[in-house]
Amino acid sequence: MAVCLVVAIVLSETLLLPHQIDTQVEARLTEIRDDLQRLSVVEAAQDRALLAQYAEVLNLADPDHVFFSTDASAEAPASEVLQLYPSESSSALAASIKLPSLRATITADLRKHNLGYLAALFVGLLLAGLRRSPSEQPKEEVESRSIAQADVPMMVRRSDGAFASCHELAQFGCWEWCAHSGMFWCSPSLAAVMRNTLAEQVDQETFFQSLYPGDRTMVLKAAQAMLHEGSEGEIDFRVSTASGECRHIHLVSRVLRDDEQRVVKVVGTCQDITERKAVEARLRKLSSAIVQSGSSIMIIDILGAIEYVNPKYSEVTGFALEEIEGKQPDLLSRKWLNSERYELLWNTIMSGNNWRGELQNRNKDGSLFWSLASISPVYSEYDELTHFVIVCEDVTELKDAHARMERLALYDELTGLPNRRLFFKELAELFDPTTETSTAAVMLLDLDFFKAINDTQGHGTGDQLLVEVAERLVSCIGEGDIAARLGGDEFAILIRNAHNVNHIEAVAEAILDAIAKPYYINSYDIQISTSVGLAWLPKDADTPESLLKHADLAMYQAKEKGRNQYRFFNENLHRQLQTYVQFSREMPRALDAGEFILQYQPQLDLTSSRVVSVEALLRWEHPNKGLVSPDAFISVAEETGFIVSLGRWVLEEACLTIREMAALGFDDVRVAINLSSRQFRDPQLLSMIQQTIAEFEINPANLELEITESLLMQDVEVAIETLQALQHLGVTVAIDDFGIGYSSFNYLKTLPVDVLKIDREFIKDIPDHQDDMEITAAIISMAHRLSMRVVAEGIETKAQHQFLAEQSCDVGQGFLFSQPLNFPELLSFLCRELGEE
Ligand SMILES: Nc1nc2c(ncn2[C@@H]2O[C@H](COP(=O)(O)O[C@H]3[C@@H](O)[C@H](n4cnc5c(=O)[nH]c(N)nc54)O[C@@H]3COP(=O)(O)O)[C@@H](O)[C@H]2O)c(=O)[nH]1
């Protein structure tokens with residue numbers, strides 16, 4: 001729809017109002033004039049009421065037309081008016097002239113015509129009519145008034161104060177170019193528009209000099225086209241001001257022709273549009289920033305309908321503007337936002353604040369992605385909230401990376417199970433005092449002999465085994481329960497809502513069964529078992545850490561009891577734990593304080609009954625607990641690593657005893673000390689023994705080292721190397737507790753040992769258990785064939801003594817002969833024996 005504009009011009013006080021207009025109208029016109037004092041543009045479509053008022057006041061029939069009335073007697077240059085207007089407007093203009101005197105009505109289409117031009121032209125014409133009353137005007141001039149003869153600029157005659165004032169206000173100027181004389185005339189306001197580079201009347205050359213050099217050719221071409229071809233139009237160009245400033249000018253031209261259609265004048269307007277150009281340039285930059293932006297940008301109206309999306313948005317989502325214009329964006333859809341967030345977002349932006357946050361959006365293919373969106377309100381010039389600008393960054397990759405990082409942080413990479421951190425987090429929530437706690441159970445599992453499989457079959461097989469174990473564990477637990485890998489071959493299970501023991505026992509048994517089933521990995525059949533420790537929540541602990549510690553304790557007990565079984569944590573274990581903590585803290589101090597002592601249990605030759613050796617047995621004279629057995633603290637020392645320091649002290653003490661006994665003449669009595677697993681694997685062991693022997697200047701053959709059979713079986717090849725090195729030092733090596741470590745006789749052949757000690761388990765039931773007697777006889781016979789001496793320990797009865805002597809067992813040790821003795825008691829024992837001889 002064409003927008004019809006009526007240009008009404010109200011002039012300053014110098015205007016002579018027609019005397020025909022009655023006082024009321026005059027008053028109203030004065031009012032309007034005072035209101036406006038400048039060109040006033042009324043958009044008819046929008047303000048018809050006002051227009052109707054104007055029409056009424058101005059005695060106009062049609063409110064779409066506003067007319068200007070001059071003195072009725074004035075000769076109106078209507079023909080000029082008509083000629084000055086584009087042809088499509090001429091008829092409307094002519095039709096609107098209702099009086100013989102000048103009445104002009106202009107209906108113009110804003111889209112086609114330059115408003116300023118129309119206005120100024122109108123002013124010019126009007127003033128021409130007003131200023132020149134017939135009485136003042138020489139008749140011959142009126143008669144001879146012809147465009148063909150008009151080589152004097154007609155606007156010169158119209159440049160009164162009001163005219164100039166209007167132009168000045170509108171930053172507007174008029175000009176004429178006489179085709180005949182080549183003279184260029186401009187209104188004073190044009191000179192101002194051109195920033196005083198022009199005189200009122202200049203030649204062409206001077207006019208062109210005032211133009212910005214870069215635009216001269218373009219303007220010249222346009223001027224020539226006007227003069228020679230009579231072309232009309234509009235042109236924008238730049239002028240350089242005296243101060244060197246560059247201003248933008250909008251120029252409109254119209255051609256006046258004589259009756260023979262020859263161009264006689266070119267007239268027009270010009271306007272300083274520098275500010276507008278600056279605004280346009282700024283808008284262009286902003287617009288280009290939005291178009292070129294690497295961020296997706298969307299503009300929505302106050303009701304949430306999409307008005308604009310930039311190319312980046314279309315590239316990311318696949319939606320062209322036409323496809324989504326007027327629609328509600330998915331980004332703000334209730335579908336992806338929970339109602340609380342939805343309310344908060346809209347409340348924030350509707351109250352004129354910025355909102356920033358992650359929102360889900362939808363691509364054209366239906367896939368969803370995450371955007372980090374900033375939503376900012378846009379206000380109109382009247383300070384009304386009209387739109388919102390949404391700037392989005394696709395953060396899907398960021399979120400994926402975040403999820404991956406979270407996965408790495410909380411899940412075990414190999415098995416995909418929750419890791420220790422996540423398990424602990426879940427467990428900690430059950431201890432949260434603000435949540436209702438129901439009974440739960442925690443299982444801690446450790447695969448039996450996994451290290452051996454890993455070492456012998458390779459880590460690839462070990463990994464595959466762990467993955468299959470994880471799958472089997474998951475298959476044994478219920479929904480809501482958690483199976484986690486805490487590290488290595490250690491797993492944990494959290495069973496929520498553990499109502500009764502039967503349920504937990506059933507799960508534990510299912511796990512033992514599942515893990516014990518054969519695995520087929522890398523063409524190998526593998527068999528493995530697990531030991532499970534169980535603890536209850538909240539009964540067994542008040543923190544996640546202590547609950548896991550208690551389950552761990554129970555698991556160790558399960559291992560101690562023979563593996564492939566489960567054990568519940570109990571108070572006894574709890575006490576053990578307390579003792580563990582207490583001992584681990586106290587032992588270093590006790591060693592410094594001399595609270596450890598050695599007792600010696602004699603080992604007698606079963607044929608001669610002479611003491612050939614003694615076993616050094618460690619005791620702790622605890623200030624509160626009395627004499628503490630090594631069974632209670634050796635394992636703690638072993639786990640904390642304190643056994644290395646303690647073992648060194650035992651060695652030194654034994655060497656001292658050897659030296660002192662030798663000094664007293666008992667230089668053929670050996671002293672046997674026990675080496676624990678950690679000591680045996682200590683890389684410093686050999687050098688430490690060598691140094692101590694040298695330090696105490698003892699015969700190394702008088703020092704015997706007892707190493708348990710099970711310890712040797714852990715890594716036979718390394719054990720053989722260490723044993724050989726020990727023998728090389730000249731010390732005696734004995735296998736302790738032989739018979740219960742399930743070692744094969746084949747191994748025994750390869751072990752460089754001097755003494756074999758039959759475990760007490762085989763001796764204690766002699767002569768009642770025939771089996772034990774046969775096994776004992778076989779061990780003695782075999783050891784002799786391997787050139788080993790045999791020691792039977794735990795001899796408590798004469799019958800046992802007699803049987804062992806009959807089997808040619810070399811040496812016996814046990815309460816039958818002596819309890820462990822302190823050093824003075826041992827010396828007495830030895831002296832007594834000597835006396836008896
Ligand atoms: N690493 C180290 N281990 C040590 C050290 N000192 C002792 N131990 C080990 O502690 C275990 C318990 O020892 P202990 O309580 O001293 O018991 C020893 C004997 O008292 C006991 N024994 C001896 N004769 C009999 C008997 O006729 N009946 C019976 N019921 N018990 C008897 O046997 C223990 C000695 O056993 P073993 O060492 O296997 O010969 C024990 O395993 C010690 O080895 C140490 O300094 N370091």
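Just so you know, ligand 1 is whichever comes first in the structure, and atom 1 is the first atom listed for that ligand. Throughout, numbering of the chain's residues begins at 1 and tracks the sequence. Only this structure's heavy atoms are used, side chains among them; waters, hydrogens and symmetry mates stay out.
Here K451 pairs with D455 in a salt bridge; the nearest charged N to carboxylate O distance falls below 4.0 Å. Classification of K757 and E706 as a salt-bridged pair holds, one side-chain N sitting under 4.0 Å from a carboxylate O. The existence of a salt bridge linking R760 and E793 is excluded, since no basic side-chain nitrogen approaches an acidic carboxylate oxygen closer than 4.0 Å.
One option in Q813, R760, E793 has a heavy atom closer to atom 33 (O) of ligand 1 than any other, and that option is R760. Ranked by closest heavy atom to atom 30 (N) of ligand 1, the top entry among Q819, R619, Q603, E796 is E796. Remark: among candidates F815, F817, W649, the nearest residue to atom 32 (C) of ligand 1 is F815, based on non-hydrogen atoms.
In the model, E652 has no side-chain atom that pairs as donor or acceptor with a side-chain atom of T692 under 3.5 Å. No side-chain donor from either of Y524 and T461 sits under 3.5 Å from a side-chain acceptor of the other.
Rounding to the nearest 0.5 angstrom, the gap separating the CG atom in L826 from the CG atom in L821 is 6.0 Å. Rounded to the nearest 0.5 angstrom, L726 CG and I707 CD1 are separated by 6.0 Å.
Separation of the F633 and F596 ring centroids falls under the 6.0 Å cut-off. In this structure, the ring of F817 has its center less than 6.0 angstrom from the ring center of H801.
Within the listing of ligand 1, atoms 24 (N), 27 (O) sit less than 4.0 angstrom from a heavy atom of G814. The distance from ligand 1 to the heavy atoms of S629 drops below 4.0 Å at these ligand atoms: 15 (O). For ligand 1, the atoms lying closer than 4.0 Å to a non-hydrogen atom of D631 are 11 (C), 12 (C). For ligand 1, the atoms closer than 4.0 angstrom to any heavy atom of D737 are 39 (O). Taking every non-hydrogen atom of G794 and a distance limit under 4.0 Å, the qualifying atoms of ligand 1 come out as 25 (C), 26 (C), 27 (O).
Under the 30°/60° scheme for interplanar angles, the aromatic rings of W536 and F568 are found to lie parallel.
Looking at atom 2 (C) of ligand 1, its nearest protein heavy atom turns out to be N674 CB, 3.5 Å. In this structure, the protein non-hydrogen atom closest to atom 24 (N) of ligand 1 is Q601 NE2, 3.0 Å. The closest protein non-hydrogen atom to atom 46 (O) of ligand 1 is L618 CB, 3.4 Å. Closest to atom 20 (O) of ligand 1 among all protein heavy atoms lies P820 CG, 3.7 Å. The shortest contact between atom 13 (O) of ligand 1 and any protein heavy atom is with P630 CG, 3.5 Å.
When distances from atom 6 (N) of ligand 1 to the protein are checked, a heavy atom turns up under 4.0 Å. For atom 41 (C) of ligand 1, the nearest protein heavy atom lies 4.0 Å or farther away. At a distance under 4.0 Å, no protein heavy atom can be found next to atom 17 (O) of ligand 1.
Both the backbone and the side chain of L617 come within contact range of ligand 1, each with a heavy atom under 4.0 Å. With a 4.0 Å heavy-atom cut-off, ligand 1 is reached by the side chain of E615 but not by its N, CA, C or O.
Both tests pass for R472 against the ring of Y519: distance under 6.0 Å to the centre and angle within 45° of the axis. Cation-pi check for K539 over F569 is not met; the charged atom does not lie both under 6.0 angstrom from the ring centroid and within 45 degrees of its normal.
Look at K757 and you'll find a heavy atom under 4.0 Å from some atom of ligand 1.
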